[in-house]
Each structure stands twice: as C-alpha cells, then as structure tokens.
Asker: 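Provided herewith is a single structure, encoded as structure tokens, for subsequent inquiry.
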Amino acid sequence: QVQLVESGGGLVQAGGSLRLSCAASGRTFSSYAMGWFRQAPGKEREFVAAINWSGDKLYYTDSVKGRFTISRDNAKNTVYLQMNSLKPEDTAVYYCAADVAGIPNNNRYEYDYWGQGTQVTVSS
C-alpha cells in the first residue's frame, strides 16, 4: 500500500508561484512513475505533468509547458510541482498519483494510488 500526501497549495495572485509537494510512503517509491493531475469545479480530472522513476523523462500538458516543472527526490520519497506565472484558469484541486508499473503517462486510469488533493486558487 502506498500513501500519498500533498501539500503546498494556497491562494496566490495571478503571475505568482507555488510549489506543491507530494510525500509518499513505501520503500519502492523510486520505481514508480508519478503524475500530477488537477480538477476544477464541474470539470473532469485532467493531466498536468508526469515523471519517470529516474526523473529524466518529463511530460506536460500543453497549457502548463514553460510555466510548471515536475521533479522528484527519491531519497526523500517526494515529488514536486513548481508552478510559475500562475493564471486564474490554473485554479483547481491538485492531486499527485503513483503508477506502480513505472510508466509515466497522461491517463488517470493508469495510476494506482492517489493523494487527497491540495487546493490551488489563483486570483485575478
């Protein structure tokens, strides 16, 4: 069993930055692919970013490319999402997820474990 706990959300003005963290339990974290997803009110949960086990393969949805950066520290069992130049349309609950097969992808149904989410609100 893997537990994921997100932190770092909050209220920020447009153009500001936040860094989300996702701390994972378990000794096999370093073998998992990790993803970040988000869900705005009334909308489907959507892919934001993903990273492979070693951190050298990164994937982003087009709307965040150049603004968000996903990274991981396997020694700390933690994955991060640095979010810069935030826009009001980035407002959502952000979730981290783990894919035990180790394949980073944008399909939420491929991920095996999920955190509880952290709220990000960007004011205009």
Side-chain angles (χ1 to χ4, degrees):
Q1 189 72 10
V2 175
Q3 290 187 323
L4 304 174
V5 179
E6 302 98 334
S7 61
L11 172 64
V12 63
Q13 288 188 330
S17 299
L18 285 173
R19 188 175 83 153
L20 305 184
S21 299
C22 173
S25 65
R27 293 176 292 177
T28 53
F29 170 82
S30 60
S31 68
Y32 300 159
M34 299 297 295
W36 284 97
F37 290 75
R38 65 187 180 186
Q39 189 167 17
K43 294 189 176 181
E44 294 283 316
R45 190 169 299 189
E46 65 173 0
F47 169 75
V48 176
I51 188 169
N52 72 331
W53 71 273
S54 61
D56 62 348
K57 291 183 171 57
L58 312 178
Y59 305 89
Y60 299 96
T61 193
D62 286 346
S63 63
V64 307
K65 284 180 181 176
R67 300 189 298 123
F68 290 11
T69 303
I70 188 171
S71 62
R72 68 190 296 162
D73 185 338
N74 288 337
K76 296 182 178 180
N77 278 15
T78 302
V79 63
Y80 304 98
L81 186 68
Q82 178 67 44
M83 306 186 295
N84 298 329
S85 302
L86 282 161
K87 304 175 181 179
E89 51 264 43
D90 294 318
T91 295
V93 177
Y94 283 70
Y95 299 89
C96 71
D99 181 342
V100 299
I103 303 171
N105 65 88
N106 63 2
N107 184 348
R108 61 180 176 168
Y109 299 107
E110 294 290 329
Y111 288 82
D112 304 284
Y113 298 101
W114 292 83
Q116 83 290 348
T118 185
Q119 177 70 47
V120 172
T121 304
V122 185
S123 63
S124 57

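Sequential numbering from 1 along the given sequence is applied to the chain's residues.
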Asker: Taking 4.0 angstrom as the limit, do K65 and D62 come out as a salt bridge?
Answerer: yes

Asker: So I51 and P104, do their side chains get closer than 4.5 Å, heavy atoms only?
Answerer: no

Asker: Any side-chain heavy atom of V12 within less than 4.5 Å of one from M83?
Answerer: no

Asker: So which atom in N74 and which in F29 form the shortest heavy-atom distance, rounded to 0.1 Å?
Answerer: OD1-CE2, 3.2 Å

Asker: Between N107 and N105 (side chain of the first, backbone of the second, donor and acceptor by atom type, cut-off under 3.5 Å), is there such a pair?
Answerer: no

Asker: Test of understanding: clusters of I, L, V, M, F, W, Y form through side-chain heavy atoms closer than 4.5 Å, transitively. Do L58 and V64 belong to the same one?
Answerer: yes

Asker: For the residue pair G117 and E6, what are the closest heavy atoms and their distance?
Answerer: N-OE1, 2.9 Å

Asker: Taking all atoms of both residues into account, what is the closest heavy-atom pair of Y111 and A50, and its distance?
Answerer: OH-CB, 3.6 Å

Asker: Taking the side chain as every heavy atom from C-beta outward, state whether Y59 and N52 have any pair of such atoms under 4.5 Å apart.
Answerer: no

Asker: Are V2 and I70 connected in the hydrophobic side-chain network, where two residues link if heavy atoms are under 4.5 Å apart?
Answerer: yes

Asker: What's the shortest heavy-atom distance between V79 and S71, and which atoms?
Answerer: CG2-O, 3.1 Å

Asker: Taking all non-hydrogen atoms of both residues into account, name the closest pair between S85 and D90 and its distance.
Answerer: O-OD2, 4.5 Å

Asker: Can you confirm whether T91 sits close enough to V120 that some side-chain heavy atom of one is under 4.5 Å from a side-chain heavy atom of the other?
Answerer: no

Asker: Spell out, as yes or no, whether a donor-acceptor pair under 3.5 Å connects the side chain of S124 to the backbone of P88.
Answerer: no

Asker: How long is the gap from CZ on R45 to CZ on R38, to the nearest 0.5 Å?
Answerer: 13.0 Å

Asker: Do R72 and Y32 meet the cation-pi criteria used here (NZ or CZ under 6.0 Å from the six-membered ring centre, within 45° of the axis)?
Answerer: no

Asker: So how far is it from T78 OG1 to M34 CE, rounded to the nearest 0.5 Å?
Answerer: 9.0 Å

Asker: Between L86 and R67, which heavy-atom pair has the shortest distance, and what is it?
Answerer: CA-NH1, 3.9 Å

Asker: Are F68 and F47 joined in one hydrophobic group, where the rule is that I, L, V, M, F, W and Y side chains link up if heavy atoms are under 4.5 Å apart?
Answerer: no

Asker: Tell me whether E89 at atom CD has more than 12 heavy atoms from other residues, nucleotides or ligands lying less than 6.0 Å away.
Answerer: yes

Asker: Is there a path of hydrophobic side-chain contacts, each under 4.5 Å between heavy atoms, that joins W53 and Y60?
Answerer: no

Asker: Could you tell me the separation between the OG atom of S30 and the CG atom of D73, rounded to the nearest 0.5 Å?
Answerer: 11.0 Å

Asker: Under a 4.5 Å side-chain heavy-atom rule over Ile, Leu, Val, Met, Phe, Trp and Tyr, are L4 and W36 clustered together?
Answerer: yes

Asker: Using the ring pair (Phe, Tyr, Trp, His ring centres under 6.0 Å) rule, pick out the option among Y109, W114, Y94 that qualifies with F37.
Answerer: W114

Asker: Nearest 0.5 Å, what's the CD-CG distance between Q1 and D112?
Answerer: 10.5 Å

